[in-house]
Amino acid sequence: MKREELALEIVKDFPAEDFRQNLIEWFKKEQRTLPWRENQDPYRVWVSEIMLQQTKVETVIPYYENFLRQFPTLEDLASADEQEVLKAWEGLGYYSRARNLQTAVKEVVAEYDSKVPDTVREIGSLKGVGPYTQGAILSIAYDLPVPAVDGNVMRVLSRILLVDEDIAKQSTRKLFEALVSSLISSEDPSSFNQGLMELGAIVCTPKSPSCLLCPVQDHCRAFHKGIENELPVKSSKKTQKTIRYRTYIAENEDGEILIEKRPGKGLLANLWQYPMVLEEEAEKGWLDGLKIEEKGMVDRIKHTFSHLIWEMEVHRVKVISGTFNGEQGKFVSKNELTVYPFPVSHQKIHPYIR
DNA sequence: CAACCGTGGGG
DNA sequence: TCCCCAAGGTT
(Lines give C-alpha, C1' and ligand atoms only; values in the text may rest on other atoms or scores of the structure.)
Protein backbone atom coordinates (compact mmCIF):
# COMPACT_ATOMS: atom_id res chain seq x y z
CA MET A 1 0.00 0.00 0.00
CA LYS A 2 1.26 3.46 -0.81
CA ARG A 3 2.06 5.81 2.02
CA GLU A 4 -0.81 8.21 1.36
CA GLU A 5 -3.28 5.35 1.05
CA LEU A 6 -2.01 3.85 4.28
CA ALA A 7 -2.36 7.23 6.00
CA LEU A 8 -5.94 7.57 4.78
CA GLU A 9 -6.71 4.05 6.00
CA ILE A 10 -5.28 4.86 9.43
CA VAL A 11 -7.24 8.08 9.96
CA LYS A 12 -10.45 6.57 8.59
CA ASP A 13 -13.17 6.92 11.27
CA PHE A 14 -10.85 8.96 13.47
CA PRO A 15 -12.66 11.91 15.09
CA ALA A 16 -10.16 14.48 13.91
CA GLU A 17 -12.15 17.59 14.82
CA ASP A 18 -12.71 16.47 18.40
CA PHE A 19 -9.07 15.50 18.69
CA ARG A 20 -7.86 18.86 17.41
CA GLN A 21 -10.08 20.78 19.81
CA ASN A 22 -9.08 18.74 22.86
CA LEU A 23 -5.40 18.90 22.02
CA ILE A 24 -5.28 22.63 21.32
CA GLU A 25 -7.39 23.55 24.33
CA TRP A 26 -5.12 21.47 26.55
CA PHE A 27 -1.97 22.98 25.09
CA LYS A 28 -3.15 26.55 25.54
CA LYS A 29 -3.96 25.83 29.16
CA GLU A 30 -1.16 23.52 30.23
CA GLN A 31 1.86 24.53 28.16
CA ARG A 32 5.06 25.25 30.02
CA THR A 33 6.37 28.78 30.18
CA LEU A 34 9.55 28.69 28.12
CA PRO A 35 11.86 31.48 26.98
CA TRP A 36 11.30 30.76 23.29
CA ARG A 37 7.56 31.07 23.74
CA GLU A 38 7.68 34.78 24.60
CA ASN A 39 6.88 35.72 21.03
CA GLN A 40 6.87 34.42 17.46
CA ASP A 41 10.12 36.02 16.31
CA PRO A 42 11.30 33.56 13.62
CA TYR A 43 14.93 33.99 14.64
CA ARG A 44 14.18 33.10 18.25
CA VAL A 45 12.06 30.13 17.20
CA TRP A 46 14.80 29.01 14.86
CA VAL A 47 17.54 29.12 17.49
CA SER A 48 15.37 27.20 19.92
CA GLU A 49 14.58 24.48 17.40
CA ILE A 50 18.24 23.92 16.59
CA MET A 51 19.23 23.79 20.25
CA LEU A 52 16.38 21.43 21.07
CA GLN A 53 17.49 18.84 18.54
CA GLN A 54 18.19 15.69 20.54
CA THR A 55 18.52 17.84 23.65
CA LYS A 56 16.29 18.16 26.69
CA VAL A 57 14.36 21.35 27.41
CA GLU A 58 15.97 21.77 30.85
CA THR A 59 19.43 21.57 29.30
CA VAL A 60 18.61 24.07 26.58
CA ILE A 61 17.05 26.85 28.68
CA PRO A 62 20.24 28.39 30.15
CA TYR A 63 22.08 28.05 26.83
CA TYR A 64 19.20 29.67 24.99
CA GLU A 65 18.96 32.61 27.34
CA ASN A 66 22.69 33.22 27.18
CA PHE A 67 22.76 32.82 23.40
CA LEU A 68 19.98 35.36 22.89
CA ARG A 69 21.75 37.78 25.23
CA GLN A 70 24.93 37.45 23.19
CA PHE A 71 23.26 37.38 19.79
CA PRO A 72 19.91 39.15 20.19
CA THR A 73 19.17 39.41 16.48
CA LEU A 74 19.80 37.46 13.33
CA GLU A 75 22.23 40.16 12.19
CA ASP A 76 24.18 39.94 15.44
CA LEU A 77 24.68 36.21 14.96
CA ALA A 78 25.56 36.60 11.28
CA SER A 79 28.34 39.09 12.05
CA ALA A 80 29.64 37.32 15.14
CA ASP A 81 33.01 35.64 15.42
CA GLU A 82 32.67 31.90 14.88
CA GLN A 83 34.78 31.15 17.93
CA GLU A 84 32.39 33.15 20.06
CA VAL A 85 29.43 31.26 18.64
CA LEU A 86 31.05 27.91 19.33
CA LYS A 87 32.05 29.08 22.78
CA ALA A 88 28.39 29.86 23.50
CA TRP A 89 27.56 26.33 22.33
CA GLU A 90 30.25 24.70 24.45
CA GLY A 91 28.85 21.72 26.31
CA LEU A 92 25.64 21.41 24.25
CA GLY A 93 27.10 18.82 21.89
CA TYR A 94 26.57 18.29 18.16
CA TYR A 95 28.73 21.33 17.43
CA SER A 96 28.01 21.31 13.71
CA ARG A 97 24.59 22.65 14.68
CA ALA A 98 26.24 25.91 15.73
CA ARG A 99 28.33 26.22 12.58
CA ASN A 100 25.39 25.37 10.34
CA LEU A 101 23.15 27.83 12.14
CA GLN A 102 25.58 30.69 11.64
CA THR A 103 26.14 29.72 8.01
CA ALA A 104 22.39 29.69 7.43
CA VAL A 105 21.85 32.98 9.21
CA LYS A 106 24.51 34.59 7.04
CA GLU A 107 22.68 33.31 3.98
CA VAL A 108 19.42 34.81 5.23
CA VAL A 109 21.15 38.17 5.61
CA ALA A 110 22.69 37.96 2.16
CA GLU A 111 19.92 36.33 0.15
CA TYR A 112 16.69 37.13 1.97
CA ASP A 113 17.21 40.69 3.21
CA SER A 114 17.66 39.40 6.78
CA LYS A 115 14.15 37.96 6.86
CA VAL A 116 13.72 34.28 7.63
CA PRO A 117 11.98 32.83 4.56
CA ASP A 118 8.47 31.44 4.95
CA THR A 119 8.31 28.72 2.31
CA VAL A 120 9.20 25.06 2.61
CA ARG A 121 11.51 25.29 -0.37
CA GLU A 122 13.52 28.27 0.82
CA ILE A 123 13.74 27.50 4.51
CA GLY A 124 14.45 23.84 3.86
CA SER A 125 17.46 24.78 1.77
CA LEU A 126 19.19 26.43 4.71
CA LYS A 127 22.05 24.54 6.37
CA GLY A 128 20.97 22.57 9.39
CA VAL A 129 17.27 22.97 8.66
CA GLY A 130 15.78 19.56 7.93
CA PRO A 131 12.24 18.25 7.56
CA TYR A 132 11.35 18.68 11.22
CA THR A 133 12.87 22.11 11.78
CA GLN A 134 11.36 23.64 8.65
CA GLY A 135 7.90 22.52 9.72
CA ALA A 136 8.48 23.77 13.25
CA ILE A 137 9.55 27.25 12.14
CA LEU A 138 6.83 27.57 9.52
CA SER A 139 4.06 26.51 11.89
CA ILE A 140 5.26 28.17 15.10
CA ALA A 141 6.63 31.44 13.72
CA TYR A 142 4.40 31.84 10.64
CA ASP A 143 1.22 29.93 11.55
CA LEU A 144 1.43 27.77 8.45
CA PRO A 145 -0.19 24.29 8.47
CA VAL A 146 2.98 22.27 7.87
CA PRO A 147 3.82 19.03 9.72
CA ALA A 148 6.66 19.11 12.25
CA VAL A 149 7.31 15.47 13.04
CA ASP A 150 9.81 14.74 15.75
CA GLY A 151 10.24 11.83 18.13
CA ASN A 152 7.43 13.07 20.37
CA VAL A 153 4.97 13.29 17.51
CA MET A 154 5.78 9.80 16.29
CA ARG A 155 5.40 8.36 19.78
CA VAL A 156 2.13 10.16 20.50
CA LEU A 157 0.52 9.40 17.16
CA SER A 158 1.74 5.82 17.07
CA ARG A 159 -0.25 5.27 20.27
CA ILE A 160 -3.30 7.32 19.40
CA LEU A 161 -3.62 5.92 15.88
CA LEU A 162 -2.14 2.49 16.62
CA VAL A 163 0.76 2.66 14.17
CA ASP A 164 3.35 -0.10 14.52
CA GLU A 165 5.89 1.01 11.93
CA ASP A 166 9.47 1.11 13.20
CA ILE A 167 10.11 4.73 14.14
CA ALA A 168 13.87 4.15 14.03
CA LYS A 169 13.62 3.92 10.26
CA GLN A 170 13.86 7.24 8.46
CA SER A 171 11.14 6.41 6.00
CA THR A 172 8.60 6.10 8.81
CA ARG A 173 8.74 9.84 9.44
CA LYS A 174 7.07 10.41 6.08
CA LEU A 175 4.09 8.31 7.06
CA PHE A 176 3.64 10.45 10.16
CA GLU A 177 3.97 13.61 8.08
CA ALA A 178 1.14 12.34 5.92
CA LEU A 179 -0.91 11.61 9.05
CA VAL A 180 -0.26 15.06 10.51
CA SER A 181 -1.11 16.68 7.20
CA SER A 182 -4.53 15.11 7.31
CA LEU A 183 -5.10 15.98 10.97
CA ILE A 184 -3.48 19.39 11.42
CA SER A 185 -5.58 22.38 12.36
CA SER A 186 -5.79 25.10 9.73
CA GLU A 187 -7.01 27.47 12.44
CA ASP A 188 -4.07 27.04 14.79
CA PRO A 189 -1.34 24.83 13.31
CA SER A 190 1.16 26.22 15.82
CA SER A 191 -0.76 25.03 18.86
CA PHE A 192 -1.54 21.76 17.12
CA ASN A 193 2.09 20.92 16.38
CA GLN A 194 3.37 22.19 19.70
CA GLY A 195 0.51 20.44 21.45
CA LEU A 196 1.56 17.09 20.04
CA MET A 197 5.14 17.67 21.16
CA GLU A 198 4.18 19.04 24.55
CA LEU A 199 1.90 16.07 25.11
CA GLY A 200 4.76 13.73 24.29
CA ALA A 201 7.10 15.62 26.61
CA ILE A 202 4.95 15.75 29.74
CA VAL A 203 2.10 13.21 29.41
CA CYS A 204 2.62 10.67 26.65
CA THR A 205 6.15 9.90 27.80
CA PRO A 206 8.27 6.99 26.53
CA LYS A 207 7.95 4.98 29.74
CA SER A 208 4.82 4.79 31.87
CA PRO A 209 2.76 7.46 30.13
CA SER A 210 0.23 9.37 32.27
CA CYS A 211 -2.81 8.23 30.35
CA LEU A 212 -5.21 9.17 33.18
CA LEU A 213 -4.19 12.81 32.72
CA CYS A 214 -4.30 12.74 28.95
CA PRO A 215 -6.59 15.25 27.24
CA VAL A 216 -7.08 12.93 24.27
CA GLN A 217 -7.39 9.67 26.17
CA ASP A 218 -10.83 9.09 24.61
CA HIS A 219 -9.24 9.17 21.17
CA CYS A 220 -6.30 6.90 21.96
CA ARG A 221 -6.58 3.49 20.33
CA ALA A 222 -3.58 2.09 22.22
CA PHE A 223 -5.07 3.12 25.58
CA HIS A 224 -8.38 1.46 24.77
CA LYS A 225 -6.54 -1.75 23.96
CA GLY A 226 -4.25 -1.37 26.97
CA ILE A 227 -1.11 -1.54 24.85
CA GLU A 228 0.21 2.01 25.22
CA ASN A 229 3.43 0.58 26.65
CA GLU A 230 4.00 -1.55 23.54
CA LEU A 231 4.17 1.49 21.30
CA PRO A 232 5.96 2.95 19.53
CA VAL A 233 7.89 0.14 17.90
CA LYS A 234 11.53 1.11 17.76
CA SER A 235 14.40 -1.13 16.71
CA SER A 236 17.35 -0.97 19.05
CA LYS A 237 20.59 0.52 17.90
CA LYS A 238 23.62 -1.68 17.72
CA THR A 239 26.43 -1.59 20.23
CA GLN A 240 29.14 1.03 19.98
CA LYS A 241 32.69 0.28 18.95
CA THR A 242 35.43 0.80 21.48
CA ILE A 243 38.61 2.69 20.60
CA ARG A 244 41.61 2.66 22.93
CA TYR A 245 43.84 5.70 23.20
CA ARG A 246 46.84 6.69 25.22
CA THR A 247 46.49 10.27 26.37
CA TYR A 248 49.47 12.31 27.48
CA ILE A 249 49.81 15.03 30.04
CA ALA A 250 53.12 16.18 28.61
CA GLU A 251 55.00 18.80 30.58
CA ASN A 252 58.11 20.59 29.30
CA GLU A 253 60.95 21.99 31.36
CA ASP A 254 59.10 25.29 31.74
CA GLY A 255 56.19 23.52 33.36
CA GLU A 256 53.95 24.03 30.34
CA ILE A 257 51.48 21.42 29.10
CA LEU A 258 51.06 20.24 25.51
CA ILE A 259 47.65 20.43 23.87
CA GLU A 260 46.61 19.71 20.30
CA LYS A 261 43.76 20.77 18.04
CA ARG A 262 41.58 18.08 16.53
CA PRO A 263 40.95 17.96 12.76
CA GLY A 264 38.40 20.33 11.25
CA LYS A 265 36.00 17.55 10.32
CA GLY A 266 34.44 14.67 12.17
CA LEU A 267 34.06 14.00 15.84
CA LEU A 268 34.64 17.03 18.09
CA ALA A 269 35.97 18.97 15.12
CA ASN A 270 38.46 21.68 16.03
CA LEU A 271 38.26 21.00 19.73
CA TRP A 272 41.44 21.14 21.82
CA GLN A 273 42.58 18.19 23.85
CA TYR A 274 45.60 16.61 25.48
CA PRO A 275 47.43 14.77 22.69
CA MET A 276 45.99 11.34 22.06
CA VAL A 277 47.52 8.36 20.27
CA LEU A 278 45.89 5.08 19.40
CA GLU A 279 46.96 2.59 22.04
CA GLU A 280 48.47 0.18 19.51
CA GLU A 281 50.48 3.02 17.99
CA ALA A 282 51.74 4.40 21.29
CA GLU A 283 55.52 4.33 21.18
CA LYS A 284 57.54 3.96 24.31
CA GLY A 285 59.70 7.04 24.78
CA TRP A 286 58.19 9.01 21.91
CA LEU A 287 55.11 11.13 21.28
CA ASP A 288 54.65 12.37 17.72
CA GLY A 289 58.27 13.46 17.35
CA LEU A 290 58.84 14.43 20.94
CA LYS A 291 61.26 12.46 23.06
CA ILE A 292 59.61 11.88 26.38
CA GLU A 293 60.33 10.39 29.75
CA GLU A 294 57.52 8.25 31.10
CA LYS A 295 56.33 9.21 34.57
CA GLY A 296 53.62 6.59 34.77
CA MET A 297 49.94 6.07 34.14
CA VAL A 298 47.84 8.37 36.30
CA ASP A 299 44.29 7.49 35.31
CA ARG A 300 41.97 5.39 33.18
CA ILE A 301 39.07 7.22 31.56
CA LYS A 302 36.09 5.71 29.77
CA HIS A 303 33.88 8.01 27.76
CA THR A 304 30.76 6.87 25.96
CA PHE A 305 29.52 8.77 22.92
CA SER A 306 26.24 8.06 21.19
CA HIS A 307 27.94 5.82 18.64
CA LEU A 308 31.34 4.85 20.06
CA ILE A 309 33.37 4.46 23.22
CA TRP A 310 36.77 5.86 24.10
CA GLU A 311 38.94 4.08 26.62
CA MET A 312 41.89 6.21 27.54
CA GLU A 313 45.01 5.49 29.54
CA VAL A 314 46.27 8.80 30.85
CA HIS A 315 50.06 9.02 31.14
CA ARG A 316 52.11 11.79 32.67
CA VAL A 317 55.35 12.37 30.79
CA LYS A 318 58.28 14.78 30.78
CA VAL A 319 59.21 16.27 27.40
CA ILE A 320 62.94 15.95 26.81
CA SER A 321 63.43 17.24 23.27
CA GLY A 322 62.14 17.18 19.71
CA THR A 323 59.34 18.82 17.74
CA PHE A 324 55.68 17.83 17.94
CA ASN A 325 54.50 16.40 14.62
CA GLY A 326 50.79 16.45 15.45
CA GLU A 327 48.28 18.47 13.42
CA GLN A 328 48.34 21.54 15.60
CA GLY A 329 50.00 21.51 18.96
CA LYS A 330 51.25 24.03 21.44
CA PHE A 331 52.39 24.35 25.01
CA VAL A 332 50.32 26.39 27.37
CA SER A 333 50.90 27.30 30.98
CA LYS A 334 49.04 25.37 33.61
CA ASN A 335 47.42 28.60 34.63
CA GLU A 336 46.18 29.26 31.13
CA LEU A 337 45.20 25.65 30.88
CA THR A 338 42.47 25.76 33.43
CA VAL A 339 40.78 28.70 31.74
CA TYR A 340 41.64 27.83 28.17
CA PRO A 341 38.79 29.44 26.35
CA PHE A 342 37.86 27.23 23.49
CA PRO A 343 36.50 24.77 22.83
CA VAL A 344 37.18 22.59 25.74
CA SER A 345 33.95 21.75 27.33
CA HIS A 346 33.05 22.85 30.82
CA GLN A 347 36.33 24.66 31.42
CA LYS A 348 38.25 21.45 31.61
CA ILE A 349 41.32 21.23 29.47
CA HIS A 350 40.19 17.92 28.15
CA PRO A 351 36.47 17.24 27.93
CA TYR A 352 36.95 13.74 29.18
CA ILE A 353 39.65 14.20 31.75
CA ARG A 354 38.96 15.71 35.12
C1' DC B 1 19.35 3.39 4.18
C1' DA B 2 22.78 3.35 7.89
C1' DA B 3 26.41 5.52 9.95
C1' DC B 4 28.03 9.53 11.93
C1' DC B 5 27.62 13.40 15.17
C1' DG B 6 27.52 14.95 22.02
C1' DT B 7 25.86 15.22 26.27
C1' DG B 8 23.52 14.55 30.65
C1' DG B 9 20.02 12.22 33.18
C1' DG B 10 16.80 8.43 34.46
C1' DG B 11 15.53 3.69 35.38
C1' DT C 1 26.99 -0.58 35.02
C1' DC C 2 24.33 -0.40 31.12
C1' DC C 3 20.79 0.98 28.17
C1' DC C 4 17.62 4.27 26.69
C1' DC C 5 16.25 8.66 25.92
C1' DA C 6 15.84 14.06 24.31
C1' DA C 7 11.73 19.58 19.81
C1' DG C 8 17.37 15.69 14.13
C1' DG C 9 20.54 16.73 10.19
C1' DT C 10 24.11 15.42 7.03
C1' DT C 11 26.59 12.27 4.29
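Order of the sequence lines sets the chain letters (A, B, ...), proteins ahead of strands, with each chain counted from 1.
Rounded to a whole angstrom, the distance from the P atom of C:dC2 to that of B:dC5 is 22 Å. Taking atom P on both nucleotides, B:dC4 is separated from C:dA6 by 22 Å, rounded to a whole Å. Between the P atoms of B:dG6 and C:dT11, the separation comes to 14 Å (whole Å).
Closest non-hydrogen pair, A:D143 versus A:S190, comes out as OD1-CB, 3.8 Å.
The CZ atom of A:R99 sits 12 Å away from the C1' atom of B:dC5 (whole-angstrom rounding). Distance, A:I61 CD1 to C:dA6 C1': 13 Å, rounded to whole Å. What separates CG of A:L308 from P of B:dG6 is a distance of 10 Å, to the nearest Å. Atom-to-atom, CH2 of A:W89 to C1' of C:dG8 comes out at 12 Å; the value is rounded to the nearest Å.
For A:E38 and A:R44, the salt-bridge test passes: some basic side-chain N is under 4.0 Å from an acidic carboxylate O. A salt bridge is defined here as a Lys NZ or Arg NE, NH1 or NH2 lying under 4.0 Å from an Asp or Glu carboxylate O, and A:R159 with A:E228 fails to meet this definition. Salt bridge A:E90/A:K87: present, at least one basic N to carboxylate O contact under 4.0 Å. Ion pair A:R37/A:E198 flagged as a salt bridge, since at least one NZ, NE, NH1 or NH2 atom sits closer than 4.0 Å to an Asp/Glu carboxylate oxygen. By the 4.0 Å N-to-carboxylate-O rule, A:R20 lies close enough to A:E17 to be salt-bridged with it. Between A:K169 and A:E165, none of the side-chain N atoms (NZ, or NE/NH1/NH2) sits under 4.0 Å from a carboxylate O, so this pair counts as no salt bridge. Under the 4.0 Å criterion applied to side-chain N and carboxylate O atoms, A:R262 and A:E260 are not assigned as salt-bridge partners.
The side chain of A:K302 approaches C:dC2 more closely than any other nucleotide in the set C:dG9, C:dG8, C:dC2. Here the nucleotide nearest the side chain of A:N100, chosen from B:dC5, C:dT10, C:dC5, is C:dT10.
Atom-to-atom distance recorded for A:D299:CG and A:I249:CD1 is 8.0 Å, nearest 0.5 angstrom.
Contacts with DNA chain C (heavy atom under 4.0 Å) in residues 153-178 of chain A: A:R155, A:Q170, listed by number. Listed in residue order, the members of residues 21-56 of chain A having a heavy atom less than 4.0 Å from DNA chain C are A:R32, A:L34, A:W36, A:R37, A:E49, A:L52, A:Q53, A:Q54, A:K56. Listed in residue order, the members of residues 135-145 of chain A having a heavy atom less than 4.0 Å from DNA chain B come to none.
The aromatic rings of A:F19 and A:H219 lie perpendicular to each other, with more than 60° between the two planes, well past the 30° mark.
In this structure, the ring of A:W89 has its center no less than 6.0 angstrom from the ring center of A:Y63.
Across all strands shown, A:S96 has no heavy atoms under 4.0 Å from either base or sugar-phosphate atoms.
The nearest heavy atom of DNA chain C to A:G124 and to A:V57 marks one nucleotide each, and the one closer to the 5' end goes with A:V57.
Contact annotation: A:H307 does not reach the phosphate of B:dA3 (side-chain N/O to OP1 or OP2, under 4.0 Å).
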